[in-house]
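Every number for a ligand or one of its atoms is a count from 1 in the order of the listing.
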Amino acid sequence: MPQGDMTKFESQGDMTECEPQAPRFICGGEVNNTKTKWRGIVEEYRSFLPIAETDKVITLLEGATPLVPAPKLSERVHANVFLKYEGLNPTGSFKDRGMTMAITNAYNQGAKAVICASTGNTSASAAAYAARAGLGCIVLIPQGHIALGKLAQALIHGATVLQLKGNFDQALAIVRELGDKAPVTIVNSVNPYRIEGQKTGAFEIVDALGQAPDFHFIPVGNAGNITAYWKGYKEYRDRNLSTKLPKMCGFQAQGAAPIVLGYPVENPETVASAIRIGNPASWQSALDARSESDGMIESVHDQEILEAYRFLASQESVFCEPASAASVAGLLKVGVPSGSNVVCVLTGHGLKDPDIAISQIEPPRVVEASFQAVMAELDL
Ligand code: F0G
């Protein structure tokens with residue numbers, strides 16, 4: 001059975017030191033990863049995934065993200081809360097789980113290029129994995145509404161980036177049409193391989209806890225991830241690797257909450273740019289996850305998202321991006337029965353969006369470069 005352990009991180013020390021007495025490993029050539037037990041989600045969970053024995057796997061050793069205990073949050077809600085910190089994936093978001101599968105499939109099917117619409121993270125991940133596979137990558141992003149770090153990632157990994165004078169929903173509509181009419185493979189979560197890869201997040205949670213949690217809190221944008229986690233929990237239960245299923249609790253931002261409202265939002269608006277989506281592709285399967293699990297899909301206000309975002313950084317020392325904090329904002333808003341086991345997915349790293357972080361805090365004071373001046377500013 002796969003182990004959701006942290007051996008990936010242990011291995012990094014080994015790879016930087018070079019011992020002359022090979023064969024422990026060979027510098028500048030093949031790496032001896034005998035101590036690296038983690039092989040990326042495709043190899044770790046191969047028996048759950050649609051992958052042929054002969055397929056070349058495109059991986060950056062994604063997955064094996066930690067389930068960080070959250071003592072202050074647990075105290076606040078009187079429950080045992082864990083944070084699935086997906087910001088520690090190779091490109092800093094959960095998208096890498098889906099992208100290793102989508103790009104592996106595209107590569108082995110002989111694709112030459114992939115395409116996606118994105119609020120940022122999908123484009124960063126697609127660009128990185130496509131470059132790794134030697135495939136072209138085209139991304140359509142809403143102009144002025146993606147975090148700087150994500151834009152930098154897409155560009156530095158060599159994607160062709162088009163900034164659309166429109167929003168994510170319009171970008172995805174164009175991408176779908178291009179997928180039909182041009183020789184490009186779509187790697188948005190409408191590609192079922194993305195969902196297959198992303199469901200491994202649920203496997204890791206059950207591996208780490210020994211059981212599914214009582215509640216699973218998750219941000220909802222295009223609704224692929226809630227769909228994927230629910231699929232993962234069900235598959236593990238069906239193979240007797242857990243005996244129960246969590247209630248799936250999805251949270252949209254109030255200004256971009258089509259599923260909560262029951263109709264598409266033409267001009268979605270939220271500070272959480274990653275989930276600024278008005279017409280989610282996986283709408284129906286998100287509703288299914290909610291009803292089958294007896295869970296909920298609700299909305300949280302931008303102020304609640306930012307409060308949770310600051311709380312996580314200052315009290316739990318976990319820095320996520322604003323959209324990720326929607327899961328915790330949801331938990332703080334609706335609560336859970338005392339003593340419940342709760343997992344909140346933190347979907348992306350806080351460093352993706354430094355502008356928002358800085359906007360939340362007083363700017364640092366400027367002082368003269370002298371001992372006296374510094375001393376005078378400090379309460380020591
Ligand atoms: N959190 C982050 C950080 C995201 O980037 C996204 C989606 C979500 C949550 C919502 O996940 O769409 O599966 O419901 N980002 C997509 C993108 C839309 O283009 O990067 P979802």
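With respect to atom 11 (O) of ligand 1, the closest heavy atom belonging to the protein is F94 CZ, 3.5 Å. Atom 13 (O) of ligand 1 has its closest protein heavy atom at N225 N, 2.8 Å. Remark: minimum distance from atom 4 (C) of ligand 1 to any protein heavy atom is reached at A274 CB, 3.6 Å.
Applying the 4.0 Å criterion to heavy atoms of N121 picks out, from ligand 1, the atoms 2 (C), 3 (C), 4 (C), 5 (O), 20 (O). Listed by number with element, the atoms of ligand 1 under 4.0 angstrom from any heavy atom of T119 are 15 (N), 16 (C), 17 (C), 18 (C), 19 (O), 20 (O). Atoms of ligand 1 lying under 4.0 Å from at least one heavy atom of T122, given by number and element, are 16 (C), 17 (C), 19 (O), 20 (O).
Considering both main-chain and side-chain atoms, S324 never comes within under 3.5 Å of ligand 1 through any nitrogen or oxygen pair. An N or O contact shorter than 3.5 Å is missing between V220 and ligand 1 by distance. In terms of polar-atom proximity, defined here as any N/O pair under 3.5 Å, S123 makes no such contact with ligand 1. Between G224 and ligand 1, at least one pair of N/O atoms sits closer than 3.5 Å. At under 3.5 Å, a nitrogen or oxygen of S118, whether backbone or side chain, sits near a nitrogen or oxygen of ligand 1. Distances between N or O atoms of E321 and those of ligand 1 include no value under 3.5 Å. Checked by distance only, ligand 1 and N222 come closer than 3.5 Å through their nitrogen or oxygen atoms.
Using a 4.0 Å cut-off between charged side-chain N and carboxylate O, K181 and E177 make a salt bridge.
Within the model, atoms OG of S242 and CD1 of I205 stand 11.5 Å from one another, a figure rounded to the nearest 0.5 Å. Considering NE2 of H349 and CG of N121, their distance stands at 12.0 Å, rounded to 0.5 Å.
Cation-pi contact between R97 and Y45: absent, since separation from the ring centre below 6.0 Å together with deviation from the ring axis within 45° is not met.
Counting heavy atoms only, A223 comes closest to atom 21 (P) of ligand 1 of the residues P219, G120, A223. For atom 16 (C) of ligand 1, the nearest non-hydrogen atom from the set K95, R194, E86 comes from K95. The nearest non-hydrogen atom to atom 1 (N) of ligand 1, considering only L140, T347, V139, comes from T347.
Partners of Y129 by ring-ring contact (aromatic ring centres under 6.0 Å, His included), not counting sequence neighbours: none found.
If you look at I275 next to ligand 1, the close heavy atoms, those under 4.0 Å, all belong to the side chain.
At a threshold of 4.5 Å between side-chain heavy atoms, the hydrophobic network of Ile, Leu, Val, Met, Phe, Trp and Tyr places I115 and V161 in two separate groups.
Aromatic rings from F48 and Y236 are positioned such that their centres are separated by under 6.0 Å.
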*Decide yes or no on side chain to side chain contact (heavy atoms under 4.5 Å, CB included) for F251 and V334, but give the supporting numbers first.*
CA-CA 11 Å; F251 285 85; V334 303; 4.0 Å; yes
*side chain to side chain contact (heavy atoms under 4.5 Å, CB included) between F311 and K72, intermediate numbers included*: CA-CA 9 Å; F311 179 85; K72 304 272 174 49; 3.8 Å; yes
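At least one heavy atom of I277 sits closer than 4.0 Å to an atom of ligand 1.
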Distance-only donor-acceptor hits, side chain of residues 147-160, under 3.5 Å, sequence neighbours excluded:
residue: K150; atom: NZ; partner: E321; partner atom: OE1; Å: 2.6
residue: Q153; atom: OE1; partner: K352; partner atom: NZ; Å: 2.7
residue: Q153; atom: NE2; partner: T91; partner atom: O; Å: 2.9

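When each of V68, L346, L73 is tested with E316 by the rule side-chain contact (heavy atoms from CB on, under 4.5 Å), just one qualifies, namely L73.
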